[in-house]
Amino acid sequence: MSDLIDDPAPGQNAPEFTVSEISGEVKRTLESTFGRIRVRGEVGRVFKARSGHLYYDVKDDRSVLACTTWKGQVAGLSVVPEEGLEVVVTGRLTAFGAQSKYNMNVEEVAVAGQGALMALLEKRKKQLEAEGLFAPERKKQLPYLPQIIGVVTSPSGAVIRDILHRLRDRFPRKVLVWPVAVQGSNCAPEVARAIEGFNRLTPGGALPRPDLIIVARGGGSIEDLWGFNEEIVARAAAASDIPLISAVGHETDTTLIDFVSDRRAPTPTAAAELAVPVRLDLLAWSENQGARLARAAGQAVQQRRQRLNDLSRALPRPETLLETPRQRLDQASDGLPRALTSVVQRRRVQLSEASAALRPSTLRQLVEGRKDRLRNLSSRLTLRPIQQDMQRQKERIAQLGQRLDAVQRQRLERQRQQLSAAGRQLEILSYKATLARGYAVVRAGDMVVTTRAAAQQAGPLQIEFSDGRLDLGAASAPAAAVGPEGPKPKPKPRAKPKTGPDEGGQGSLF
């Protein structure tokens with residue numbers, strides 16, 4: 001009875017919770033107490049999972065808060081967390097009961113102050129500069145007079161109107177406008193896609209590819225211009241095959257795209273002035289050049305004419321040049337008849353001297369001499385030398401045949417000896433030689449029995465000795481026939497003929 005009225009121990013009447021219940025209560029308490037909050041700190045470890053979720057820490061000098069941004073929320077972040085960046089994160093505080101941990105689901109990330117933005121900008125600038133994206137040798141030359149100009153900017157701002165107005169005043173050109181957001185979270189991906197889209201267009205297609213790209217935006221704070229400081233925009237501008245002019249902000253504003261672009265314009269209006277020359281100035285220059293060309297051509301012709309006149313005065317007159325050749329022609333024409341007459345007379349004398357030796361008797365003597373020589377040659381041309389040569393060839397062939405027979409006999413003898421040696425080696429290595437030394441081979445059908453257990457399990461056995469085989473366990477052999485002289489002796493097995501050196505299943509070589 002005393003136990004019923006005594007006071008219980010302190011805490012004995014407290015309710016009991018399961019682990020899941022207490023984890024749920026903690027989660028509901030955190031979410032209901034804090035709700036949507038903003039936390040300022042430095043980004044620590046950053047990890048992006050294969051699923052696309054982003055895990056990172058936000059810390060100060062004493063504590064660390066685990067943060068999570070789900071895959072569907074990452075695209076909406078205006079700033080992607082980077083290690084060492086001071087940020088202000090906005091989201092809901094929640095708990096993960098399975099591991100007794102609490103974390104923050106972050107929906108928005110903002111850089112904490114202009115100093116942090118400048119530090120992040122300087123970090124990205126050093127990284128891109130180390131990769132060589134700012135090198136002057138990789139920058140492309142702007143076209144002098146582009147046919148088509150692509151402009152990446154907002155279609156509703158004053159920037160596009162200023163560019164179009166300046167182009168119309170200087171030199172009207174075709175303009176393609178790619179509308180993008182020029183600030184906010186969508187600015188960087190849209191500008192990068194616009195630059196890549198202009199580069200993917202086909203030259204001369206239905207929507208022609210521009211010869212020059214202008215990326216433009218009006219002035220603003222560093223937060224407003226931050227989209228042009230994103231790494232994705234800088235890399236897209238550096239990878240552009242089309243020359244690119246950056247005109248972001250006012251003259252004092254500097255963004256990352258200014259360093260990687262081929263030319264930087266202080267304002268969008270200045271970008272239009274860099275893109276095209278002044279049409280009137282170009283026409284005046286062209287007319288001036290045409291006048292200079294005509295004047296230079298006239299002066300060149302005049303100089304050549306004067307030079308020709310000077311040279312013609314130094315040359316002799318044509319009549320003087322022809323006097324000497326004319327005199328030589330007259331002399332040659334006077335001496336030609338006499339020269340022809342003397343040549344004919346000299347040829348006549350030579351013909352008379354040659355014809356004196358050409359008599360019929362001389363020709364007959366020459367023919368008879370040729371005939372005698374022909375008969376001598378024909379008598380020498382008989383079959384005897386040919387027969388002698390054939391006899392020599394036959395003797396040589398006979399000698400070669402004898403040598404071939406001798407070589408063949410030597411080769412056959414050598415192969416016979418090799419075959420005999422191989423037969424002897426085969427006899428030595430054969431198991432028959434082992435049987436001759438007192439061993440035997442036990443078989444059960446076609447199988448060789450090597451153990452006692454296998455012999456007990458096998459059926460009829462057959463033992464092979466060196467002089468024959470003996471069957472064990474088979475049916476009894478029939479009784480030998482008994483004649484009037486008694487039982488007939490069992491015929492002896494015929495001995496197998498031994499294989500000689502010229503035999504062995506192969507036959508003789510001869």
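Computed from a predicted structure; not experimentally measured.
- In K27, the NZ atom is not crowded: 12 or fewer heavy atoms of neighbouring residues, nucleotides or ligands sit closer than 6.0 Å.
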CA sep, side-chain torsions, deciding dist, call: Y56, V80, side chain to side chain contact (heavy atoms under 4.5 Å, CB included): CA-CA 11 Å; Y56 51 97; V80 178; over 6 Å; no
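- By the 4.5 Å heavy-atom criterion applied to side chains, E25 and E21 are not counted as neighbours.
- Side chain of T153 to backbone of I160: no donor-acceptor contact under 3.5 angstrom is found.
- To the nearest 0.5 Å, atom CG of residue L65 and atom NZ of residue K59 are 13.0 Å apart.
- Checking each of L207, V151, V152 against L176 for a side chain to side chain contact (heavy atoms under 4.5 Å, CB included) leaves exactly one that passes, namely L207.
- With hydrogens and angles ignored, the 3.5 Å screen pairs a side-chain donor or acceptor of S32 with a backbone N or O of T29.
- A donor-acceptor pair is defined here as one N or O able to donate and one able to accept, closer than 3.5 Å; such a pair exists between the side chain of R170 and the backbone of E273.
- Residues A265 and A270 approach most closely at CB-C, 4.0 Å, considering heavy atoms.
- Judged purely by atom type and a 3.5 angstrom limit, S312 uses its side chain to pair as donor or acceptor with the backbone of N309.
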Evaluate side chain to side chain donor-acceptor pair (under 3.5 Å) for R411 paired with Q408, printing each intermediate quantity in order. CA-CA 5 Å; R411 182 178 179 185; Q408 185 69 15; 4.7 Å; no
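- At a threshold of 4.5 Å between non-hydrogen side-chain atoms, the residues Q147 and K174 do not count as touching.
- A 6.0 Å sphere centred on OH of Y102 holds no more than 12 heavy atoms belonging to other residues, nucleotides or ligands.
- A distance-only check finds a donor-acceptor pair linking the side chain of R217 to the backbone of V182 [under 3.5 Å].
- Expressed to the nearest 0.5 Å, how far CD of Q425 lies from OG of S420 amounts to 13.0 Å.
- From L212, atom CG reaches atom CZ of F198 across 10.5 Å, with rounding to the nearest 0.5 Å.
- Residues T90 and R36 form a side-chain contact, since some pair of their non-hydrogen atoms from C-beta on lies under 4.5 Å apart.
- With hydrogens and angles disregarded, no donor-acceptor distance shorter than 3.5 Å links the side chain of D253 to the backbone of V248.
- Minimum heavy-atom separation, L274 to L142: O-CD1, 4.5 Å.
- Between S240 and I213, the closest heavy-atom pair is OG-CD1, 4.1 Å.
- Salt-bridge check for E464 with R469: passed, with a basic side-chain N closer than 4.0 Å to an acidic carboxylate O.
- You'll find the side chain of Q303 stays beyond 4.5 Å of the side chain of R307, heavy atoms only.
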Verify side chain to side chain contact (heavy atoms under 4.5 Å, CB included) between N199 and R209, making sure each step is shown before the conclusion. CA-CA 7 Å; N199 280 271; R209 178 182 177 181; 3.9 Å; yes
Test log, rule side chain to side chain contact (heavy atoms under 4.5 Å, CB included), inputs E107 and R92: CA-CA 8 Å; E107 301 172 355; R92 296 181 302 104; 4.2 Å; yes
Please test L282 against F171 for side chain to side chain contact (heavy atoms under 4.5 Å, CB included), starting from the C-alpha separation and ending with a verdict. CA-CA 9 Å; L282 186 60; F171 205 119; 3.7 Å; yes
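- Test C67, S63, P81 against V58 for side chain to side chain contact (heavy atoms under 4.5 Å, CB included) and you get one pass: C67.
- Under the 3.5 Å distance criterion, the side-chain polar atoms of S261 are matched with a main-chain donor or acceptor of D258.
- Of the possible polar contacts, none joining the D162 side chain to the T269 backbone as a donor-acceptor pair under 3.5 Å is found.
- Distance check: I163 CD1 to R168 CZ gives 12.5 Å after rounding to the nearest 0.5 Å.
- For the pair S246 and T255, the minimum side-chain heavy-atom distance is 4.5 Å or more.
- To the nearest 0.5 Å, atom CG of residue L133 and atom CD of residue E231 are 9.0 Å apart.
- Residue pairs meeting the side chain to side chain donor-acceptor pair (under 3.5 Å) criterion with at least one partner in residues 123-137, sequence neighbours excluded, are E82-R124, R124-E230, E131-R235.
- No more than 12 heavy atoms of other residues, nucleotides or ligands shown are found within 6.0 angstrom of CD on Q141.
- Minimum interatomic distance between I37 and M104 (heavy atoms only, all atoms of both residues): O-CE, 3.5 Å.
- Of all non-hydrogen atoms in V449 and A444, the two that sit nearest each other are CG2-CB, 3.7 Å.
- You'll find the side chain of I149 reaches within 4.5 Å of the side chain of V276, heavy atoms only.
- For the atom pair CG of D211 and OH of Y144, the computed distance is 15.5 Å after rounding to the nearest 0.5 Å.
- Remark: the backbone N or O of V180 is not paired with any side-chain donor or acceptor of E190 at under 3.5 angstrom.
- Between E108 and R38 the shortest side-chain heavy-atom distance does not fall below 4.5 Å.
- Between A236 and I195, the shortest heavy-atom contact is O-CG2, 3.6 Å.
- Here the side chains of P277 and L145 are in contact, with some heavy-atom distance below 4.5 Å.
- Within a 6.0 Å sphere centred on CZ of R279, heavy atoms belonging to other residues, nucleotides or ligands number 12 at most.
- Between the side chain of N105 and the backbone N or O of T68 there is at least one donor-acceptor pair closer than 3.5 Å.
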